[in-house]
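Please read the structure below before turning to the comments.
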Amino acid sequence: MMKALKTLTGAALALSIASGGAQAQQMLFWSTQARPVEETQKMRDEVLKGFDGPVDYQVAEDGPWLTRLQAELQAGSGTIGLLGGLHGDFSTVGANLVDLSAVDVGGVKVNEAYKKLGMLGTGEQKYMPWMQATYLMAANKQALQYLPAGTDLNTITYDQLIEWSKNIAEKTGSPKFGFPAGPKGLKHRFFEGFLYPSYTGSMVTKFRSAEAETAWNKFKELWQYTNPNSTNYAFMQEPLLSGEVWVAFDHVARLADAFNKKPDDFVAFPAPAGPAGRGFMPVVAGVAIPKTAPDMDKAKALVAYMLKPETQIATLKATNFFPVVDVKLPDDMPASVKAFGPAIATMTAAPDALPALLPMGLGDLGGKFNQVYTDSFERIVLGGEDVHGVLGEEAAALKAIIDQSKAPCWAPDKPSAGACPVD
């Protein structure tokens with residue numbers, strides 16, 4: 001009996017070792033993205049199935065994702081072959097990521113603005129962009145007849161948007177620009193990632209600058225021609241569908257329903273440009289290789305695979321995140337995807353493109369950070385308070401938040417050694 005037990009135990013151990021060996025041959029793709037169960041499964045079954053070799057796609061919340069990575073880095077070896085995450089996920093571990101500059105992507109044209117972000121302020125490609133989401137402009141085609149002479153939607157400016165909105169209001173008898181200024185609208189993202197960068201080239205440092213005052217005064221001009229119901233709007237797709245609004249700004253997910261229900265009625269186009277550039281807020285996810293990856297060649301091959309056009313399309317179908325490479329979308333995509341894809345590509349690849357990243361390093365103070373921009377809007381635009389005075393007071397609140405969190409600057413502000421300054 002004892003001999004049989006020893007034989008069985010030995011067989012089990014051998015099976016365990018064999019199983020561990022097979023498991024070790026898998027590429028562990030450790031990611032903070034595509035966490036919903038359905039998306040995770042689609043990543044495994046549809047996106048990664050074409051790679052030459054087994055890939056174990058595993059997801060985690062930001063904290064556990066970083067904890068495991070740091071443990072492997074501290075140990076000097078590990079099982080993670082490829083990392084997937086947002087720009088902010090990589091910002092604290094950049095020194096421990098492999099330079100991907102020499103990865104052969106087979107002639108695929110990768111978005112240059114996002115590649116630059118992936119360098120994390122160094123001379124090395126610390127991560128390669130993988131997928132993106134963002135905010136866009138949308139218009140009812142009825143509004144196009146009122147465009148100012150010589151205006152191209154793909155290169156529209158804030159001045160042209162104001163003139164266009166004025167034309168529509170005067171010709172139709174009511175203001176038809178729409179803005180998600182309701183309690184659950186994403187208005188703060190517009191000010192942080194679009195208006196401020198376009199006029200100041202900054203989100204934080206130049207918060208109370210003369211350029212910032214110009215930006216708020218321009219938005220006050222636009223507000224004259226904005227549907228007053230905007231203070232109730234959360235999702236702009238609904239007022240677009242009802243016809244209350246003809247021109248609007250919002251996140252792509254909050255515009256999609258209008259395009260899917262009435263695909264022939266609407267056009268999508270890039271956010272406007274200001275004196276400092278075409279500010280826009282991308283949600284950029286990337287892939288990176290930790291220096292402790294067990295198989296560097298296989299990991300680099302997986303980086304290249306994730307950027308193949310067919311993989312990018314499969315990723316879009318699985319996650320609703322858009323490609324970061326030049327790719328022609330197939331005909332079976334939803335109408336919203338067909339409309340948004342070209343607009344996103346045009347905006348992100350524009351010569352004046354100025355990406356403004358989601359706020360980073362703020363911890364549980366992120367809500368208070370957003371509130372500064374919301375409060376400034378409500379005081380200046382809705383309350384009619386003096387721009388200069390409001391920005392002076394709100395800048396003090398912003399500085400207190402940044403100093404408490406010790407958050408260093410993020411794009412479009414220049415990197416800082418300590419807490420991002422508020423000049």
Side-chain angles (χ1 to χ4, degrees), residues 133-191 194-195 218-273 280-281 320 322 333-344 346-347 374 377-378 381-382:
T134 190
Y135 303 71
L136 286 173
M137 301 291 297
N140 189 308
K141 290 180 180 178
Q142 295 181 79
L144 300 181
Q145 61 187 305
Y146 303 114
L147 274 168
T151 300
D152 181 345
L153 285 181
N154 288 327
T155 58
I156 195 168
T157 67
Y158 278 95
D159 284 338
Q160 290 172 332
L161 177 61
I162 292 168
E163 186 179 353
W164 185 19
S165 300
K166 179 183 179 182
N167 290 346
I168 295 171
E170 291 179 347
K171 299 294 184 182
T172 66
S174 63
K176 287 185 169 59
F177 178 74
F179 186 71
K184 295 184 179 180
L186 297 173
K187 51 187 174 294
H188 54 286
R189 295 304 189 209
F190 174 80
F191 301 123
F194 293 80
L195 187 70
K218 284 293 181 182
F219 193 77
K220 285 177 68 177
E221 285 185 50
L222 180 59
W223 193 256
Q224 298 176 75
Y225 313 112
T226 299
N227 189 308
N229 287 331
S230 289
T231 51
N232 299 314
Y233 295 151
F235 287 57
M236 294 312 304
Q237 57 199 12
E238 293 154 3
L240 280 169
L241 282 168
S242 71
E244 287 180 42
V245 162
W246 282 7
V247 181
F249 162 90
D250 212 340
H251 190 281
V252 292
R254 297 181 174 210
L255 293 170
D257 203 37
F259 285 78
N260 289 333
K261 286 184 175 177
K262 296 183 177 180
D264 297 328
D265 288 7
F266 303 105
V267 293
F269 56 100
F280 69 98
M281 182 171 273
N320 291 307
F322 282 79
M333 303 299 286
S336 59
V337 169
K338 293 179 184 178
F340 297 160
I344 291 172
T346 299
M347 180 171 69
T374 298
F377 161 70
E378 291 179 350
V381 181
L382 301 184

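All of these numbers come straight from a predicted model, not from anything done at the bench.
One distance of note links CE of M347 with CD1 of I156; it measures 13.5 Å at 0.5 Å rounding. For the atom pair K187 NZ and L195 CG, the distance stands at 15.0 Å (nearest 0.5 Å). Between the CE atom of M236 and the CG atom of L241 there is a distance of 10.5 Å, given to the nearest 0.5 Å. To the nearest 0.5 Å, the span separating CG on L382 from OG1 on T374 amounts to 10.5 Å. For the atom pair CG (L161) and CG (L147), the distance works out to 10.0 Å, reported to the nearest 0.5 Å. Taken from CG in L186 to CG in D250, the straight-line distance is 6.0 Å, to the nearest 0.5 Å.
Two residues are said to be in side-chain contact when any heavy atoms from C-beta on lie closer than 4.5 Å; P272 and M137 meet this criterion. Looking at heavy atoms from C-beta onward, S165 lies out of side-chain contact with P175 at the 4.5 angstrom threshold. Contact of the N229 side chain with the V245 side chain is not registered, since no non-hydrogen atoms from C-beta on lie closer than 4.5 Å.
Evaluation of the side chain to side chain donor-acceptor pair (under 3.5 Å) rule for N154 yields no partner, not counting sequence neighbours. Residues passing the ring-ring contact (aromatic ring centres under 6.0 Å, His included) test with H251 are Y135, sequence neighbours excluded. Taking W164 as the reference, F269 meet the ring-ring contact (aromatic ring centres under 6.0 Å, His included) condition, with sequence neighbours excluded.
By the 30° and 60° cut-offs, the orientation of the rings of F322 relative to F340 is tilted. Relative ring orientation between F179 and F249 is described as parallel, the plane-to-plane angle staying below 30° on a 0-90° scale split at 30° and 60°.
Around the NZ atom of K338, the shell of radius 6.0 Å holds more than 12 heavy atoms that belong to other residues, nucleotides or ligands.
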Side-chain donor-acceptor distances from residues 254-266 under 3.5 Å, at least two apart:
unit_1, atom_1, unit_2, atom_2, d
R254, NH1, K184, O, 3.0
R254, NH1, A234, O, 3.2
D257, OD2, K261, NZ, 3.2
N260, OD1, A335, N, 3.4
N260, OD1, S336, N, 2.9
N260, OD1, S336, OG, 3.1
N260, ND2, A256, O, 3.4
N260, ND2, S336, OG, 3.4

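Residue pairs that meet the side chain to side chain donor-acceptor pair (under 3.5 Å) test with at least one member in residues 218-227, sequence neighbours left out, are D159-K218. Residue pairs that meet the side chain to side chain donor-acceptor pair (under 3.5 Å) test with at least one member in residues 170-179, sequence neighbours left out, are T172-K176, S174-K176.
Under the ring-ring contact (aromatic ring centres under 6.0 Å, His included) test applied with F219, the options F177, F190, Y158 reduce to a single match, F190.
Of all non-hydrogen atoms in V247 and A143, the two that sit nearest each other are CG2-CB, 4.0 Å. Here the shortest heavy-atom pairing between Q145 and Q142 reads NE2-O, 3.0 Å.
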